[in-house]
Each structure stands twice: as C-alpha cells, then as structure tokens.
Amino acid sequence: MKDIPSRYNPQEVEKKIYRRWQDEGLFGAEASSRKKPFTIVIPPPNVTGILHMGHALNNTLQDILIRWKRMQGFASLWVPGTDHAGIATQNVVEKKLATSGKSRDDLGREKFIDEVWKWREEYGSTIIEQLKRLGSSCDWQRTRFTMDEGLSQAVLEAFIKLHKKGLIYRGNYIINWCPRCHTALSDEEAPHVDTEGKLYYIKYPLKEGEECRVKGEGVVVATTRPETMLGDVAVAVNPKDKRYKKLVGKTLILPIIGREIEIVADSFVDREFGTGAVKVTPAHDPNDFEMGKRHSLDPVLVMNSDATMNENAGAYKGMDRFEARAGILKELEEKGLLVKTEKHQHAVGHCYRCHTAVEPYLSLQWFVNMKELAKPAIEAVKKGKIKFTPKRWTKVYLNWMENIRDWCISRQIWWGHRIPVYYCEICKEVIVAKVKPETCPECGSTRIRQDEDVLDTWFSSWLWPFSTLGWPEKTKDLEYFYPTDVLVTAPEILFFWVARMIMAGLEFTGEIPFSDVYLHGTVRDLTGKKMSKSLGNIIDPLDIINEFGADALRYSMIVITATGQDVFLSKEKFEIGRNFANKIWNASRFVLMNVQGLALNKRCSRLSLEHLADEWILSRLNRAVEAVTKSLGQYRFNEAEALVYDFFWHDFCDWYVEMVKPEIAGGVKGQVLLDVLESSLKLLHPFMPFVTEAVWQNIDERHSIMQEAWPRPDKKLVKKDIEERVETIKSIIVSIRNIRADMNIPHSKRLVVYLVPLKKASEAKLKGGIDYIKNLARLDELVIDKDMKRPEACATAVLEDFNIFIPLKGVIDIDAERSRLTKKMQDAKAQLSFSDRRLKDKNFTARAPEKIVAQEKDKAEKLGEQITRLKSTLNTLI
RNA sequence: GGGCGGUUGGCGCAGUUGGUUAGCGCGUCACGUUGACAUCGUGAAGGUCACUGGUUCGAGUCCAGUACCGCCCACCA
C-alpha cells in the first residue's frame, strides 16, 4: 500500500481500467436476465462528428444513470450508435473529393456512395472511441448505425406502412431549397435568422388603355427578392382596400419580361404593409403559392436548382440569383420603375448544414402527413405517460405538435436511404416496395426505375429506440428492453427528433418509446455564446481529459449544470473535478495504509459502535446515501454530486478522519473507516468511474466496483441526537481555532481551555467528545467547570451551551501582542485618516476616475471595520 | 408577433414543496508543511437575493407588473 503515489494520475489508469471493464464484459445486458430492465438509447452522434462538450455533457448524464441503475441491480442497457447524417456526411466527402479536383458527378452515384462508405470505415468510429475515453459504459456489442442492414429494413417497413395508410404523399409544393447542398429541407432544417435586408418598391405599369388612378399609370409593389418578379403571375390587393378597389381585374405589364398579369383581390394581403399591393410569385413563395391556387394561376419557375436563373428569366438566364437581383434592380432603375429602396429587417431561412440562405422553391417532393401521427403523441404527453424534465418543455412540445405541418422527407442527395418507390416507364405505374420489382404488375414491363431521392436523415433516427432493438422483427430484445426508460438529450432537437420518436413509437410499436425525457442545457462559453467550431470558442473535451482526467471532466461538467440550465464553461472549472479526484485518491490512500487486514464489505450496522465519531459518520453516510439516491431519481444530477462531495470532503475527510487519526496512530484498525470509504466509493462511482475503480482495485482486485451494489440507506443508523452532539463539539473546536488564529497563538505553546457549561444539559453533550476537542483544537488541557469565573487576560467565546475561556498569560506575550495589535490599529487609523483626507479633497474626488474614488471609499470602509475588530480584540487582553 | 429562461457577495453558480443565522466553487487576506492530500489544512473578510407592488405570522422562494440580458418558435411580401 505504501507505494500508492500521492497524486492521482488519471492518464496512467484510465485506459487500463476501461479495457478491463470491456474485457470482462461489464457493459453488456442480456434479455434473458431475471433482473428488471433499464434502457437508454444514445442520441446517435453524427458519424462525421467529433466529441464536443455537448456530447460530453449528454453522455456523462446517461452514463451516470446507466451505472447507477446497474449497481441497483437492473439489467442496465445503454445502446450506442451513430447517425449517417445524410447531408452533413455527403458534404464532408464531397469536400474531400474536391481536394483532388473531383465532384460527385464525376464519380456517379454508385461510386460516390462507395466513397462515403470508405470514408465511414476510416473515420466513422472516431466519435465512438472518444465516447470510450469519457468512460461511457455502452454495450458496444450492440453498436448500431442508421444505415446498417437492420435499420434500413426498419426504414423500408416504416415508409411502406405509412404509405399504405395514406400518410405519405408526393406533390408539387413550395419547400425550403438549399442551393448549395442542392436539396430540399424540412422546415426544421431551415431555421430563420434575422437578416438586415432591403425592401424594394417597384412600379408595374398598367397595360395601355387600362384606366388608372394610382400614382399615374401603375401599381407599386414591395419585395425583398426582386429577382423573383420574373416569375410573377399576378398582383394581389386586399379586397377591402379602397385605394385599389377599382383596379381589381385590370391588367398590368410585368416589367422586364413584359408578361400581362392581372390584379386580383385576396384577403391574405395586409393593407398596412408596403404599398398594400403584393406581387404574386407562386413558384417562389409559400403564401403566393396558396394565392396562386386560389386564383387558378399557374406558377412560373424562374430558377434552377442551383439558384441560377432559368430560361423563364429572359436575359438573366444563367445568372446567379444575387447577380440577377443586381441586374434587375439596375434595369428597373434605368427604366424609372424602381420607386424607392428601404432597409428592412426580416427573418430568412438558412440551411442548418451550410448556412446558405434557402430559397422557397416549388418542386416535386415526398411528404408525411403529420396531423394523424401527432394526435396520440399529444395524448401520451398530456396524460403523463411521457414526462419531460424540466417540465416547462411540455408546453413547447405540445405547442409544436398542435401546430404541426407536414414533413418533407425527400432529399435530392445520394447518401441516405433511397426512397422505396419505383416507376414503370411504360405505363407510369407507381410501385411502393421493399425490393425492386422485376416487372411492372400493371403492364408487365421490365423498364422500371427507382425514385432518385433519398429520405431525410431523421426518417431513420425517429425509429431509433426500437429499430436498434430489432424492429420490425419481434426480437427478444425488443420485448424485454422496449419501451426504453429515459431519453437524455438537448432541447435543440426536441422537434427534429424527440417529438418524431414519440410519434413513430406510437405508430409503429403501439407504445411510447420512453417514459422520461430529460433535456439538459446547451454548453456555452463564458460570454454566453454557444460553443461551435465556427466561433472558435471550443473547449475540446479530449484536451480536458488529457490534462485533468475523464473524471474531472465528468464531475465538473455535471456539478456546474443545474437541471436544464445552460452551462457556461471555462477551462478553470475542471480544476474542481481534478482536485476532488485527487482528494478521493488521497483519502483512500490514507485509509488503506491504516486498515490492512480488515474485512471488506462488512455491514456497518452489525458493528459495535463504541465511538461517537463512528456513530456520527455512519449517521451522516446514511443520510447522504438517501439524499443522493433521491436526487438521482429526480434527475437532479448537480445536487447529487454536491451531496456526495460535501459528505466525502467535509464530513468524512475534514472531520471524521481527523477525529480518528489519534486512535489509528495508536494502532487501532478502523473498520468503520474502511466501511465508510467503501460506501463512499460506490456512491461516487457513477459520477467518477475511473478514480473510484482505481482505488477499488487496491481494496479488492478481483472484482470491479461496477459489480458492487448501490448502497441502501439504513435509517436506524441515522441519529439526530448524535449529529447534534457532534455539532456542539465542532462548534467548540471552531471557536477555539478562531481564537487561536485571532491571537496568533503558536502551536508550540501549552494551551489550556476552560469550558463553562451554561445549561443543565450542556455537559452531557460533551460525552465521548472531549478527546476530539483536545486533539482537533490542539489543546494541552481542557477543564470543564461550571463555577469557573473569567480569568484575567483571557480570550472568550460564547456559544449556546458553553462559555469558552482561554487564559493567555504565559501563552502569548500579552504586552507584545497588545502592542502588536495597538500598532496595527494605529497603522489602520493612519491609513484611514489618509483615506478620509483624500476623499474630502475635491481635487481628488473631482478629477480621479470614478473607479479609483470608489476603491478609496471601499478601502476606508474596510479600515473602519478592521479598527472596530481590533478594538474588541484588545479588550479581551485586559 | 407568440413562448421560455436568467437577474443571489469581486467572478461563476446552487437554493426541492414559502420556515431559524441565504449556501458552494474560484478569487482575496492571515496563519500553517503535526507522516493521506499544497490538486492541501485552519481561520477571516465579503450579499439591500434586479426593481415596484401584493398575498402571508413569515417571501430569494408564491402572485401581478417593470427593466435589462439570452434563447426558441412564427409564411407579412
């Protein structure tokens, strides 16, 4: 034991310990188990991902729950895996190809997909390895990937089922189009960003011969995207708008293009905004699309899929959308049709992958009708079958679900689950099937081609809780581990993922996918910005693990994260965890050096408790066990950590170990010391798995601490009276230490302390504690005397139960001390009067910076307080 | 436009159903190296709990409103 180093060195032990856990198969859980199941599925990180602090927080929380439940005797299963992240991964591989001057079109679809798989083989397990560094106790045997065979089957099954039910349809609608990624996006994938734009007022002249009363000879419309005017098919005004009443039905000439367009009345138009007249562009705006339908106007598409202008754009054909915008504005200005330009703040959708401004764009896409699916998912939450923590997210969820819109699920990319729809090129029959049919069931033709599009990545993720357990097969795993227990994730993907999983679970398995959703906060830097690569404010978890250790990362991260609150991180915060790990290490080292040969795992309650300290620490321990367990059950992780920390550091190390040290020095082996250490290690293990295991190996090298049972509180050992007695003793010790510090009493001097009991019951409170007082306050003699009168030159303290007298004659040189204090007081007074003079000096107060003046005031105030204190101390010396 | 979160000692934050003296970590100051730990120990200083009003015997905690900071959602061109 003596060769245990005095510093905990995480780098030395972590990998070794992790390997041992894995080798012994301690992370696995079996469906045949007689235990109760406890299941969590990991929010699958993107296969392109590298571990960031958000992952660190998310996975630490899950690991805490999984390890805790495992120790509690559950078949605790944590299913890991990664997400194929369609667009993100395709972008990464395309970028890589670009470095060798190639595009995906150069390779063609099949070869490109091969490249992506190669990329995945090479880099796809990066994040998995990083999760292991964190200590995550996932059942790695079950690692899944959203594109693997089983999950692909689940995707097909889900698509076909929904299609059969009529909940999947294909149609021409306005969707969010990312011109850079070249694909449609769902509404959730195109978050609005406030953008400083411009509002252009453009005059559309009336057709010759048409009568006009508005500003000469035309109608002025306002738009933020002038280039789309080329696709205008009408101008709309509010039917109640008197200004335009007579113009409804008249014809305008669309500038540049020269198309004749009608003025229509539509109550959608807001009379207050702009000029009250709106250009109608059904192919490039969702509202206009609806209006176009209402007025039977055919859309005119003016852009290609890469946001260049198409053949309908006349002279602007081939230009990029922004280039065309500039050109069109110039032309309008030249023709005197650009009436004015205003600054305009508006929200513009941006691609969540590449941040390009999306283009509302008319195209043929696949959709899921969500209204039906939402109903039971709303019910499940309303009825409390699924609970959100913190509760406030319930409302956010319900609000979104109650206003849910159809989900655009087709993507015009190559990496992903290809849509299982086939078209007969002869008779145009549409066939939905798991595998490509040989012949067309209608006409028998063999000319059959598959839909080119792939499904939204989230179409596979929404099946994750059950597809990873084998669905659509009826597996044992599915039966045993599903529904899962808790989903731990960030609120950012509440709509993307959580809500959709609930819908999918209820639709496809008839059950809720999980009963609890714990939503943790977002990791931000100290200025409140979200940590992200582009902002360059990243703290890399692996750097922290390398420098401070995984336990330090885990502990610090959790203890500073209040339930559901955002986390503001800086590197220094990890010192908390590092210091604590070291404290655990050293306290254990001390215990182990002194308890050799004692029995392990003895039940504390069976021991004869002869010592006050033993009874006390067991009372505190059992209180802590109960509180920590309760907090974990409520997902109050930071509270649970703070509780173990306080117990271990303050109760156990600061007081208990110090109380029993003299006995140990006298050769007494501390069974309770060892027992409490063991229980503490178990309580700490879910939070700090590595250091607790490292210590445990010194206690019992044959078994992992992971196999130990989570402590149960023994209420019989919680003793309020004992705790109160020790509180009294502690307060006496603290008072004496206070005086010692105040009076500068050297430890070398013989110190006698008199305790004068103030109440009848006071003396009894000292029972069994006198030695603790003598040792911890480092006294030579303790006299208890209820008739004691205050001696001369004596320091005093008054407590609830006792007066404390400490005669100072012979202990300190009273005269010297008095003159030291007097001198100190004089110094303080001198400084104060200097300060006062300065503050009264108008030259100073008027000219010095405010900050300096404030500092001076502060200083003066503090000096005043110091003088008061010195005075009272001097009084005790009389 | 709608919804949500935050405001507590110099800094970063806890504070569960309203209940004695409002806690913790860092930082500051003083002392300390007695064989677990200086990644430590002992002690000290430091707070009108954003503001206004209300409910209550009692409010950091509940209610109403105000201010500032932040987030999410939203098809006014």
Side-chain angles (χ1 to χ4, degrees), chain A residues 2 4 6-8 174 187-188 191-192 199-200 221-225 228 236 268-270 272-281 285-291 344 346-347 349 360 390 392-393 395-396 399-400 403 405 491-492 494-495 521-522 524 526-530 548 552 556 559-570 572-573 575-594 627 630-631 634 636 638-639 642 645-646 650 653-654 657-658 661 665 733-734 737-742 744-747 775-778 858 862 865-866 869:
Chain A
K2 283 194 182 121
I4 302 176
S6 70
R7 280 185 185 196
Y8 172 56
I174 300 279
D187 294 328
E188 292 69 41
H192 289 107
L199 191 59
Y200 304 97
V221 298
T223 180
T224 54
R225 295 186 295 149
T228 63
F268 163 80
V269 180
D270 180 353
E272 305 298 318
F273 191 90
T275 60
V278 187
K279 62 198 259 318
V280 181
T281 325
D285 183 278
N287 297 309
D288 294 10
F289 180 74
E290 293 302 320
M291 269 199 280
H344 182 61
H346 61 145
R392 62 172 182 272
W393 293 107
K395 213 170 141 187
V396 179
N399 185 48
W400 187 76
N403 297 293
R405 286 186 282 158
E492 283 98 339
L494 182 61
F495 307 141
T522 305
R524 304 177 184 282
L526 286 183
T527 64
K529 290 197 186 71
K530 192 170 163 176
F548 298 89
S556 304
V559 83
I560 63 175
T561 307
T563 310
Q565 287 304 117
D566 286 354
V567 194
F568 298 85
L569 259 195
S570 65
E572 298 77 57
K573 300 231 165 131
E575 290 174 7
I576 308 170
R578 181 200 56 189
N579 295 354
F580 188 38
N582 194 56
K583 187 74 181 178
I584 294 167
W585 180 258
N586 274 293
S588 306
R589 186 167 148 250
F590 172 78
V591 173
L592 294 176
M593 283 191 299
N594 289 294
K630 189 179 167 199
S631 294
Q634 298 172 325
R636 305 173 69 88
N638 65 322
E639 188 180 82
Y645 182 97
D646 282 345
H650 298 127
C653 295
D654 290 349
V657 169
E658 295 305 323
K661 259 182 186 172
I733 294 166
V734 168
R737 283 173 175 169
N738 261 326
I739 292 168
R740 205 190 260 284
D742 266 6
N744 253 328
I745 300 171
H747 288 300
N775 291 324
L776 297 189
R778 307 180 70 181
D858 205 46
K862 279 188 178 160
E865 286 167 17
Q866 195 189 347
R869 242 180 301 126

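Below, each value reflects all heavy atoms present in this structure, side chains not excepted, and no hydrogens, waters or symmetry copies. Residue numbers start from 1 in every chain, and the chains themselves are labelled A, B, ... in the order their sequence lines are given, proteins ahead of strands.
Comparing A:I733 and A:A581 by the nucleotide of RNA chain B that holds the closest heavy atom to each, the one mapping nearer the 5' end is A:A581. Place A:S6 and A:V269 on RNA chain B by their nearest nucleotides, and A:S6 ends up nearer the 5' end.
Atom CG in A:L494 sits about 18 Å away from atom P in B:G3, given to the nearest Å. As rounded to whole Å, 13 Å separates atom C1' of B:C24 from atom CZ of A:F580. Summarising the geometry, the separation between CG on A:D742 and P on B:C29 is reported as 18 Å, rounded to the nearest angstrom. Put simply, NE2 on A:H650 is 12 Å from C1' on B:G23, counting in whole angstrom units. The nearest whole Å value for the distance from the CG atom in A:D187 to the P atom in B:A74 is 7 Å. Counting to the nearest Å, the P atom of B:U39 and the NZ atom of A:K583 are 12 Å from each other. Computed from coordinates, the A:H192 NE2 to B:A77 C1' distance equals 13 Å when rounded to whole Å. If you take CG of A:D646 and P of B:G25, they are 8 Å apart, rounded to a whole angstrom.
Residue A:N744 has no polar side-chain atom (N or O) positioned under 4.0 Å from OP1 or OP2 of B:C31. Using a 4.0 Å cut-off, no side-chain N or O of A:N738 falls inside it from OP1 or OP2 of B:U42. The side chain of A:K661 places an N or O atom within less than 4.0 Å of a non-bridging phosphate oxygen (OP1 or OP2) of B:A36.
Nucleic acid contact for A:D654: sugar-phosphate only, since backbone atoms but no base atoms lie under 4.0 Å from a heavy atom of the residue. Residue A:E658 is classed as a base contact, given a heavy-atom separation below 4.0 Å to a base. A:R740 comes within contact range of no nucleotide atom at all, as no heavy-atom separation falls under 4.0 Å. Using a 4.0 Å heavy-atom criterion, one finds that A:A587 contacts the bases of the nucleic acid, with or without backbone contacts as well. Backbone-only engagement by A:F495 is indicated by non-hydrogen atom pairs under 4.0 Å involving sugar-phosphate atoms exclusively. Counting non-hydrogen atoms under 4.0 angstrom, A:V734 reaches the backbone sugars and phosphates but no base. Within 4.0 Å of A:H747, counting heavy atoms only, lies no atom of the nucleic acid at all. In this structure, A:R7 reaches the bases: a heavy-atom distance under 4.0 Å links it to at least one base atom across the strands shown. Heavy atoms of A:R737 sit under 4.0 angstrom from primed sugar atoms or phosphate atoms, though from no base atom. Residue contacts for A:I576: at a heavy-atom cut-off of 4.0 Å it reaches the sugar-phosphate backbone alone, with no base atom in range.
Taking the side chain of A:Y645 as heavy atoms from C-beta on, and the options B:G12, B:C40, B:G25, the nearest nucleotide is B:G25. Side-chain proximity of A:V278 to the nucleotides B:A36, B:G12, B:A77 is greatest for B:A77. If you check B:U39, B:C76, B:C37 against the side chain of A:F273, the one that comes closest is B:C76. The side chain of A:D270 sits closest to B:A77 out of B:G25, B:A77, B:C37. With distances taken from any side-chain atom of A:R778 to the nucleotides B:A77, B:G12, B:U34, the minimum falls on B:U34. Residue A:R636 places its side chain closer to B:U16 than to any other of B:G12, B:U16, B:A36.
Rounded to whole Å, the C1' atom of B:C11 lies 38 Å from the corresponding atom of B:C57. On the C1' atoms, B:A77 is 33 Å away from B:C68, given to the nearest whole Å. A distance of about 27 Å separates the C1' atoms of B:C13 and B:G58, rounded to the whole Å. Remark: the separation of the C1' atoms in B:G53 and B:U21 is 28 Å, to the nearest Å. Distance noted for atom C1' between B:G60 and B:U8: 7 Å (whole Å). Across the P atoms, B:A45 and B:G25 are found 16 Å apart, a figure rounded to whole Å. With both ends at atom C1', the span from B:C49 to B:G6 equals 14 Å, rounded to whole Å. Atom name P, nucleotides B:G41 and B:A22: the rounded distance is 25 Å, in whole Å.
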Open item on the list: Quick one, A:T228 with A:K279, criterion side chain to side chain contact (heavy atoms under 4.5 Å, CB included). Give me CA distance, side-chain angles, the key distance, then yes/no.
Closed with: CA-CA 9 Å; A:T228 63; A:K279 62 198 259 318; 2.7 Å; yes
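For the pair A:L494 and A:V396, the minimum side-chain heavy-atom distance is below 4.5 Å. Residues A:Y645 and A:V559 form no side-chain contact, since every pair of their non-hydrogen atoms from C-beta on lies 4.5 Å or further apart. Residues A:R225 and A:T281 are not in side-chain contact: their nearest non-hydrogen atoms beyond the backbone lie 4.5 Å or more apart. Side-chain atoms of A:F268 and A:E290, non-hydrogen and from C-beta on, never get closer than 4.5 Å to each other. Under the 4.5 Å side-chain criterion, counting only non-hydrogen atoms from C-beta, A:R737 is in contact with A:L776.
Using a distance-only test at 3.5 Å, with no hydrogens or angles considered, no donor-acceptor pair links the side chain of A:R405 to the main chain of A:D187. Side chain of A:N586 to main chain of A:S6: a donor-acceptor pair is present (N/O by atom type, distance under 3.5 Å, no hydrogens or angles). Panel note: side chain A:R778, backbone A:H747; no donor-acceptor pair is recorded below 3.5 Å.
For A:F495, the ring-ring contact (aromatic ring centres under 6.0 Å, His included) partners two or more places apart in sequence, or in a different chain, are A:W400. For A:A552, the side chain to side chain contact (heavy atoms under 4.5 Å, CB included) partners two or more places apart in sequence, or in a different chain, are A:F548, A:R578. The ring-ring contact (aromatic ring centres under 6.0 Å, His included) test applied to A:H346 returns A:H344, not counting sequence neighbours. A:Y8 meets the ring-ring contact (aromatic ring centres under 6.0 Å, His included) test with A:W585; sequence neighbours excluded.
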TODO: Would you sketch RNA chain B in dot-bracket for me? Only Watson-Crick or G-U wobble pairs with both distances under 3.5 Å count, crossing pairs as [ ], other-strand pairs as |, the rest as dots.
DONE: (((((((..((((.....[...)))).(((((.......))))).....(((((..]....))))))))))))....
Could I get a table of every N or O pair under 3.5 Å where one atom is in the protein and the other is in nucleotides 4-7 of chain B?
residue	atom	partner	partner atom	Å
B:C4	OP1	A:K395	NZ	2.8
B:G5	O2'	A:Q565	NE2	3.3

